[in-house]
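Single-structure report; data block below.
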Amino acid sequence: MSRKHLVASLVVVTALVGAACGGDDDGGGAATTAASDTATTAAEGVTTAGSSAGSTPAAGGEDVALASVGMALPGPKNDKGFNQSHYDGLIAAGEKYGFTPNVVENVVDPQARIDALKNLAADNPLVIGVGGEYAEAGLTAAPQYPDVEFVVINGETDPAIPNLHAYFVRQGVPAYIAGVVAAELTEANKVGYLGGELIPPTTQSDDGFKAGVAASNPDIEYASTIVGNFNDPEKAKEAASAQINAGADVIFALLDAGFPGVEQAVTESGKDVLLINPIFPRCDEGENIVGVAFLSSGGLVDQIINDAGSGALPTEPQFYGVENEEIQRFELCEGFAEHQALVDETTDAINAGEIELPEGV
Amino acid sequence: MGPFDTAWLASMVLLSVPLLLAATGELISERGGVLNIGLEGMMLSGAFFSFLGVYLWHNVPLGVLTGMGAGVVVALIMALLCVRLRSDQIVVGVGLNLLALGVTTFTFREIFATQAEVRLDYPQPIAIPGLSELPVVGRPLFQQTLLGYLSFVAVGAAWFVLYRTSFGLSLRAAGESPAAADTAGASVNRIRTIGTCVAGALAGAAGAYLSVGRLGIFNEGMTGGRGFLALAAVIFGGWRPLGVMAAALVFGAADALQLRLQSYESIPREVWLVMAMVAAAALVVARLRRGDRDTSVAVTIVGGAVVAVGVALFVIGPEWHFPPQLWLTMPYVLALLALGGLVGRVHMPSALATPYRRGEDT
């Protein structure tokens, strides 16, 4: 029996080490993931400051008096979407300000998210949890580390927890503009929306896109499908095929690594279907890409670092719509530039409060 | 036809193929007595290494073989630990899943991290002349990629091997009564190792179908739990090849259906009619099969109630709209039903998950 147990333990340990090397998709070990990711980051040469960072800013950088910053991502740092956007933002800020970025990624399990924030808090004066998935984890971890500042993107605050802060990216706002543009472009009078996981940004984008379409033309048919995963191209392909088959000729796909599946569905259908994607521009991937609900998390992370460095982290949640185009905007691809006036007009009207967005968007 | 159109049928088949390949291999493994929880990891290894193979050699068949080879390598580790060293099959399976996730993620980043999103050419479907022009089923069934066709061929091959060859007889004996098989001269551990390797090869092919067979893309963790659904399909299918194929098709059908129903303002009436028809068919099958009286009565009552409710809702046509959460769970609810409702009523291999050593009771 002892031999069996020894062998089994060996397998488990080997497996965990292996999993830690590449990230932990089931959230089974935030601590090991954190340690290894830091190592991976350093190995890739993207850690610019080294162990003495913080007091010594990078060349040409500014000192924000932070030795290191921890960041916990719910998904992979290379998802070509939300996670990568924040990861890239942190790395860029690290180079600019001269701090060491420490990243934990692929943390799916709720308890693992709490552990991830706590582990990062042990070594970093500022910890950023990316996404509403970390809202609950922030509320749990922050009171246990009163000397560490916690920021949760799309998270929650509590007056009793002064070291917990929240910055909200309202992804439904550029989605509204996307809806206005989609209504202008559809010839079949049917547009579709594909969401990844069912989390607040997904539903907000759904609501915003739908409202934008309806505001332009209430007779346009609207179909919405939640794929269940931002990074599953096969499911995304089938979901997109279903919408195309049902007649949609403009689709906004709020997907990350799953987006190529949507592009393939369009190609294989042989139909003229236009696509809109989130976060990173994909204009060079096809002439049917209309534009992007652009999100530069780099700008947001930069803002957070600056606020933390100057001791000005807000006590109330900060909301970002499309007021600051450095952070978020709707951006058209070159082939659809003729609709720029419509985008500008809608953006201005939203910022002026002339357009009433759906509740929660 | 509403959501039950030809495109749904095609989608059902496409979503079923990876489940079918993996579940057929798992069937072979389990009939030999090895519960291969590491199926997900074998699929993921197949997905990545086939992608790498096609990337390196620009040859899809070679890539698929590489993916199958990767699945076999993981299976050999499983066999070494569980069959030879008699470790706990569940613990080892879970460990291998984590190991495969770590290795594929790490290797993928090491090789592709500095490049832009890599997309490879993927094979186009092959239409079988004549058959692919049949109404309704023509395109969904007879316009598949080679791997798609092979998934159905694998079911037939599994049936033939299990029930028409001496190896199949020995395999089943190893899963039912390894001591008896041993007494009859069969090498139980060798047979189980082969069964596990077949599972690895087919799981690798299932992963290859996902990455290079349909998409030309690899994403970290892209199997997304399909290996576990394949495990459920084996139970749902009653450890029989045709049952496993039916289960994989049901899971694929449910997945394809939920992706369509989410877009409807209210549930189409056809859905209720189909629900009633499926329940009625299940009732007929249940009546034809022999079972104890209490079970038969319970099945008749529940099945009859589902038929009645389905017909009533079809006639009434209520304006019901379910939230996406509910639709997304549809395949998993079916898996739960399979595990909870059928597990006690089908015969699982008696020595499943039990290591064998000559001279010891199992």
Side-chain angles (χ1 to χ4, degrees), chain A residues 3-26 28-29 36 40 44 76 78-80 106 192 195 198 203 222-229 231-235 237-239 241-246 248 256-258 260-261 263-264 268 285, chain B residues 3 5-8 10-11 14-15 18 41 77 80-81 85-88 91-92 94-110 112-114 117 119 122 124 210 214-217 219-222 224 226 255-256 258-264 323-325 327-328 355:
Chain A
R3 189 181 175 202
K4 275 173 64 180
H5 288 151
L6 180 66
V7 171
S9 304
L10 195 65
V11 170
V12 172
V13 169
T14 310
L16 288 175
V17 170
C21 285
D24 182 359
D25 201 33
D26 72 354
S36 71
T40 304
E44 287 166 0
N78 60 347
D79 68 347
K80 306 282 188 293
N106 271 329
L198 201 61
T203 51
Y222 184 83
S224 170
T225 305
I226 303 300
V227 177
N229 192 322
N231 303 312
D232 189 334
E234 197 209 16
K235 280 272 189 76
K237 189 172 182 175
E238 288 310 309
S241 295
Q243 291 202 345
I244 294 166
N245 191 57
D256 297 327
E263 294 176 297
Q264 289 184 4
E268 290 178 14
E285 292 179 10
Chain B
D5 54 7
T6 311
W8 166 72
S11 188
L14 290 170
L15 290 168
I77 299 172
L80 175 71
L81 293 169
L85 300 177
R86 303 191 306 135
S87 300
D88 186 284
V91 173
V92 171
V94 171
L96 287 176
N97 287 336
L98 290 169
L99 180 66
L101 179 63
V103 167
T104 55
T105 301
F106 176 75
T107 316
F108 178 67
R109 289 185 184 185
E110 285 298 304
F112 297 104
T114 55
E117 200 169 51
R119 299 189 194 184
Y122 55 97
Q124 296 305 308
L210 282 176
R214 272 210 75 203
L215 300 160
I217 295 167
N219 285 338
E220 294 164 17
M222 77 180 298
R226 288 172 177 85
D255 216 4
Q258 65 90 5
L259 287 173
R260 280 161 173 72
L261 290 180
Q262 286 188 49
S263 293
Y264 283 81
Q325 294 97 321
W327 293 124
L328 285 167

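Chain naming here is simple, since letters A, B, ... match the order of the sequence lines and numbering starts at 1 in each. Computed over heavy atoms, backbone and side chain alike; hydrogens, waters and symmetry mates excluded.
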Just so I understand: if I count every heavy-atom pair under 4.5 Å between each of [options] and chain A, which residue has the most?
options	answer
B:Ala7, B:Pro18, B:Gly216, B:Ser263	B:Ser263
B:Leu261, B:Thr104, B:Leu14	B:Leu14
B:Asn219, B:Leu215, B:Asp255	B:Leu215

task = Considering only heavy atoms and a distance below 4.5 Å, find which of A:Gln243, A:Lys237, A:Glu285 pairs most often with chain B.
result = A:Lys237

request  = Select, from A:Gly228, A:Pro260, A:Ala239, the one with the greatest count of heavy-atom pairs under 4.5 Å involving chain B.
outcome  = A:Pro260

Within the structure provided, determine whether [X] and [Y] are in side-chain contact (heavy-atom separation under 4.5 Å).
X	Y	answer
A:Glu234	B:Met222	no
A:Asp232	B:Arg226	yes
A:Asn106	B:Glu220	yes
A:Gln264	B:Arg119	no
B:Arg109	A:Pro76	yes

task = Find the distance between OG1 (A:Thr225) and OH (B:Tyr264) and round it off to the nearest 0.5 Å.
result = 10.5 Å

ask   = How far does CZ of B:Phe108 sit from CG of A:Asn78, to the nearest 0.5 angstrom?
value = 6.5 Å

Side chain to side chain contact (heavy atoms under 4.5 Å, CB included) partner of A:Ile226, the single match among B:Gln258, B:Gln325, B:Gln262 = B:Gln262

Contacting region of A:Asn245 [heavy-atom separation from chain B under 4.5 Å] = side chain

query = Should the pair B:Arg260-A:Glu238 be classified as a salt bridge under the 4.0 Å nitrogen-to-oxygen rule?
reply = no

key: Flag, side chain of A:Lys235 to backbone of B:Leu15, donor-acceptor distance under 3.5 Å   = no

